[in-house]
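Here the structure is laid out as structure tokens; the discussion comes afterwards.
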Amino acid sequence: MISARKLAVAVAALAVTAGLAGCGETEQVIVYEQGKYQGKPDTRPWENEPGASLYTTSKWAKGDKSSWESALRSRSQNQNEYVRIGD
Amino acid sequence: MLLTRKSASAPSAQTRLSRGLAGMLAKTIDRRSFLKRSGVAVGASASLATLAGPFNMIGRAEAASDKSAGGKVEIKRTVCTHCSVGCAIDAVVQNGVWVRHEPVFDSPLNLGAHCAKGAAVREHGVTENSHRLKYPMKLENGKYKRISWDQAINEVGDKLLAIRKESGPDASYWIGSSKHNNEQTYLMCKFVRLFGTNNTDHQARICHSTTVAGVANTWGYGAMTNSYNDMQNAKAIWFMGSNAAEAHPVSMLHVLHAKEAGAKIIVADPRFTRTAAKADHFVRIRSGTDIPVIFGVLYHVFKNGWEDKQYIHDRVYGMEKVKDEVMKWTPERVQEVCGVSEADCYKIAETMAKNRPSSIVWCMGQTQHTIGNAMVRAFCIFQLALGNIGKMGGGANIFRGHDNVQGATDIGPNPDSLPGYYGIIPGAFAHWAKVWNVDLEWLKKQYAAGMMNKPGITVSRWIDGVTEKNELIDQDPNLRAVVFWGHAPNSQTRGKEMVEAMKKLDLLVVIDPYPSATAAMAAMIRKDGVYLLPAATQFETSGSVTASNRSLQWREKVIEPLFEAKPDQTIMYLFAKKFGFADQLVGKKDGKQNIQVVKDEPVIEDITREFNRGTWTIGYTGQSPERLKLHMKHMNTFDVKTLRAKGGPCDGDYFGLPWPCYGTPEMKHPGSPNLYMTERHVMDGGGNFRANFGVEKDGINLLAEDGSHSKGAELTTGYPEFDHVLLKKLGWWDDLTEAEKTAAEGKNWKTDLSGGIQRVVMKVHGCHPFGNAKARAVVWNFPDAIPLHREPLYSPRPDMVDKYPTHDDKKAFWRLPTLFKSVQEKNKNISKEFPLIMTSGRLTEFEGGGEETRSNPWLAELQQDMFVEINPKSANDRGIREGEYVWVKTPTGAQLKVKAMVTERVGADTVFLPFHFSGWWMGKDMLDYYPDGAAPIVRGEAVNTATTYGYDAVTMMQETKTTLCQIEKFQG
Amino acid sequence: MARMKFLCDAERCIECNGCVTACKQENEVPWGVNRRRVVTLNDGVPGEKSISVACMHCSDAPCMAVCPVDVFYRTEEGVVLHDKDMCIGCGYCFYACPFGAPQFPQAGAFGMRGKMDKCTFCAGGPEKDNSKEEFAKYGSNRLAQGKLPACAEMCATKALLGGDGDVIADIFRDRALKRGKGAEVWGWSTAYGKPDKAQQPAPKGGKS
Ligand code: SF4
Ligand code: SF4
Ligand code: SF4
């Protein structure tokens, strides 16, 4: 993934072109540590216990990002009726 | 107040969005931004949003966001109550509170999809700021006051008993509901008969009654022949008088899938609908001229020899005669009458003929006309000519409206039939009295002399039952009491006259989850004599519901009835107790009881089993509660295109056992997904056209020709329907068991309660119990045996009235004098004063009369104003601008204050109004007339306040789609 | 790696507002706040097209750039979230957003702006996942329940797709190939960059 810093630069650059912010100083965008936000918890989705919340059907191993991703990926196929119907 | 804020932001977002749409030039303003800008104050919801807190949350579902907060979490599987698509819903319930709604991807009908209404149904479980009718109420001195259930049942019951004593049972009128589940609707049909009258009806009268009559008389059953799913097999689909994208949104999932696979979509309509926006070809027609358009297309079919000659020879009666009429509809004549060009007609004909199997769809655009019965038959004839009926991907896909209007039509409170289209002849009563375990002689005595076998008044005409001169009506008393049991008044035409009728009544009762427009209209003109009884919604009870494709689905109870609401079956039982026929209602006699009662609530499953035991005609016999529940549990095993289960516990069944599902549940008939399909064995859901009209007509054979039969049938010729005599003649009698023989002696396939005749005919000999006949292109028992174009009563074209006049007046038609020609003659030149064709239709967000959906903030926010669509030309001619208030005036003297939506969606000769609004009366808000806190959030003029007279010549369907109006700038 | 994206197929969208009410009920969004809207062009005339629009969770989010108090952040799966406790309701993000996504409920009786609200991709916000607090401020956290956005999952015609960008782009590409047209997806390049940009696969097909 893009590091937070790189992202901040990119964002700032865009802001300049948009003419909405005067400068591209990186301090404008806070450095973000994944899984937390300014000291508050924002647990990453896969760090939750599957089934810890209401009616979870998907299965993944707690803390294992790739298993969460593949659970979601297979759930996405519900948006593709071709899978169920065929052609 | 929030809307002020919204009003400021919405347009600017709009501009930015429009700018961003490369390659999509925005020429027009859309309805949403139009409506949003108009902004309505919302009362409760808006002020709540101003509560403190970062999100200004409406703080509901407190119970809910965390499982760790404790409480049992249950998933209840139910079905959306807002249309006949039948989208399944998984309701997540915690501590008895409905906290989440999960899509049911497993459902073969909707694959998890929902429209606005379905995605918002959870609101039904929300108690804060609910606009429900919360407890029984009574109108006293012009104000609704709370009363107890005991008082309500006693007072209403006493009054009804007194009216029955003084004037007979026919002085009462019982308007049932297409939103009742099958069990309730069936029980209501029985309830009204036990009260002793046929004066009962429901929404189907004003929605598809012309379809049911027209289609059943053409080929057997008056229902959608195929399914939403099957449309995926179509190579071309022609919508006429159907705006599926707004009325049946999730059906478009199947339609657009078909389109992606190459199917051609045609839409013919007076309006460029949202469905038209998805079509390959759109043809604008003049409202009410469907027959000439269809015949104009069929003209090219015949001219080019595209008809299916073998099919017509084998399976259709009377096509030659119809062809004579069709060939009169030359391109010039079609152009003159409908405004449709030869090129358009040819294009439709070619598309439909060269892309078979091709399917047709129609809805209210064809049914709600004085000649609705003929229009739908013309469309059937078109499909018969192309050989498309009884084919996968073909068929007549008639989209029904309410979630259970099909079920209520099949087994509900109809004025001319007992459950299952048995009619109201003495034999029908004998059959059902036996099933009901009710003494037939007692039942006869409940009725007034001579009235038992006479069809009741229809819901479209109850107002005339009240106000018509007594000597002109075909029953002794005028109506004195009306019970609205789940029906909106603003869906019936002639609203202005309706309030006069309401004024005259002795008693008006509303039984409904919402007070409905009835409550407000009544309080506007009465001081007393009105009762409101809170009914539970379908999420607060369980039972089966029949989708448009005839599949039955089982709803689990999601939550307990809110406030003081009671389920309809309980209310029926309480009244039956009061009236003294509680035992009859639940079939308690001779030590037997069909339906158990728990705390005054008849057990739903017992009711299902009772109609299973009696409804042989249309195969509502095989769908036991157990089988239905199994289907709901294993939805994932059903194929989406064929609806058939592959493996699993429902192996071989079609989803929801679409009726006819013949025989007993033990016979394991799989249901019939596509009707009249000869390619399949009858035990695989196959069939053929029904033999219901004799074996020959004027020397011409009505039965199917030799070699045309369902797959594997032992009889390879046409044959009549089965009874004990035919069985014996064929030597099949001994295939019956001894017990079956006893039950079947003297009976036919419809009345043999053992199901033995159906079993032997189908399972042993592969034949169809209702015989094997031809479809009738000529329906000789109808006023126009061959569909003829006739101008509407209020026609914009006096020259056309001369050429295509309507029917003669009728004297006693469904107990009432019914006018045709005299009205048309009188109003022949009225288009000088009222030059615009006024038509009405649906919006996605609301359903029916709309009080329920307009009480749901998630939906109400999206459509806040009643409006009229008017073409820029007509608007400019009248100095009317977008968004302004206008008066819509009609020949009845009524006028509606609505906003102008200037759009080319309608042609310059037509205006369109949605019909879901109520709560305004000719310019005035009726808020004060609703019980406190129970008025819908969004209120507006009901289009039917202003609609005119006009009824179908067979079924008494009301004319809503073609009448006239004038539009004026609003001054004031 | 999963990057959450939205895509709305204008050939399929029928403007039924299913996605809008799905969002309303899933997140209990109050009247007047619309995290998702359906926009129709050429309403009522041939060429009518609708698309469903919400926060697109842009790769380079303009809102993030302009916010004076830096309430925005981007999660590892590419969802743009914000902290309501810090939001001052200034409205800059609304002007910066190409999609008009940020919404401002009225906070008091005098027309003051409330804290900004917008689509969270049904991923809650900076509070404990699936806690009462999170729900009250930000709505549902479906991602943490292993589910995808309510709006996309309930779309009437499966026009609106939401999920891992690669997966939904594949779904759309197959469809577009099948019908041989309609491959341009409005908003995709604005939100996620040009199709040819590495790691940002945009749907290809027919005439794209
Ligand atoms: S109203 Fe009809 S299409 Fe919409 S969700 Fe309900 S059943 Fe489905
Ligand atoms: S992703 Fe969730 S929050 Fe965003 S629009 Fe969809 S339903 Fe609403
Ligand atoms: S639910 Fe789907 S089809 Fe309906 S408006 Fe939203 S995106 Fe369009």
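In this text, all values refer to a predicted model and were calculated from it rather than measured experimentally.
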- Query: Which value, rounded to the nearest 0.5 Å, describes the distance between B:Leu253 atom CG and C:Arg12 atom CZ?
  - Reply: 6.5 Å
- Message: Can you tell me how far apart CG (B:Asn243) and CD1 (C:Ile14) are? Round to the nearest 0.5 Å.
- Response: 9.5 Å
- Query: Do B:Leu256 and C:Lys158 have side-chain heavy atoms sitting under 4.5 Å apart?
  - Reply: no
- Separation between CD (C:Glu15) and SG (B:Cys115), nearest 0.5 Å, reads 13.0 Å
- Task: Please check if the side chain of C:Glu153 supplies one atom and the backbone of B:Gly112 the other of a donor-acceptor pair under 3.5 Å.
- Result: no
- Search all heavy atoms of C:Cys16 against all heavy atoms of B:His114 and return the closest pair with its distance. SG-O, 4.4 Å
- Query: Does some side-chain heavy atom of B:Leu862 sit less than 4.5 Å from a side-chain heavy atom of C:Thr21?
  - Reply: yes
- Task: Measure the spacing between CG of C:Asn17 and CD of B:Gln863 and express it to the nearest 0.5 Å.
- Result: 8.0 Å
- What are the two closest non-hydrogen atoms of B:Lys278 and C:Cys13, and how far apart are they? NZ-O, 2.8 Å
- Message: I'd like to check C:Asp43 versus B:Met901 (side-chain heavy atoms, cut-off strictly below 4.5 Å). Are they in contact?
- Response: yes
- Message: In the structure I gave you, are the side-chain heavy atoms of B:Trp858 and C:Val29 within less than 4.5 Å of one another anywhere?
- Response: no
- Message: For the CD atom of C:Glu11 and the NZ atom of B:Lys259, what is their distance to the nearest 0.5 Å?
- Response: 6.0 Å
- Item | Chi angles and distances behind the salt bridge (charged side-chain N to carboxylate O under 4.0 Å, His left out) call for C:Lys178, B:Glu260 | CA-CA 6 Å; C:Lys178 189 118 203 186; B:Glu260 231 153 70; over 6 Å; no
- Message: Would you say that B:Arg122 contacts C:Glu28 through its side chain, given a criterion of any heavy-atom pair below 4.5 Å between the two side chains?
- Response: yes
- Item | Close side-chain approach of B:Glu123 to C:Gln25, heavy-atom, < 4.5 Å | no
- Query: What closest approach, in Å, do B:Ala113 and C:Cys155 show between heavy atoms, and which atom pair accounts for it?
  - Reply: CB-O, 3.1 Å
- Message: Between B:Ala276 and chain C, with a heavy-atom cut-off of 4.5 Å, which part of the residue counts as in contact: side chain, backbone, both or neither?
- Response: neither
- Message: Does any part of the side chain of B:Arg100, heavy atoms only, come nearer than 4.5 Å to the side chain of C:Arg142, both counted from C-beta?
- Response: no
- Say you draw a straight line from CZ of B:Arg274 to OG1 of C:Thr40; how long is it, rounded to the nearest 0.5 Å? 5.5 Å
- Task: Please examine the side chains of C:Lys147 and B:Glu102, heavy atoms only from C-beta on, and report whether any two atoms are closer than 4.5 Å.
- Result: yes
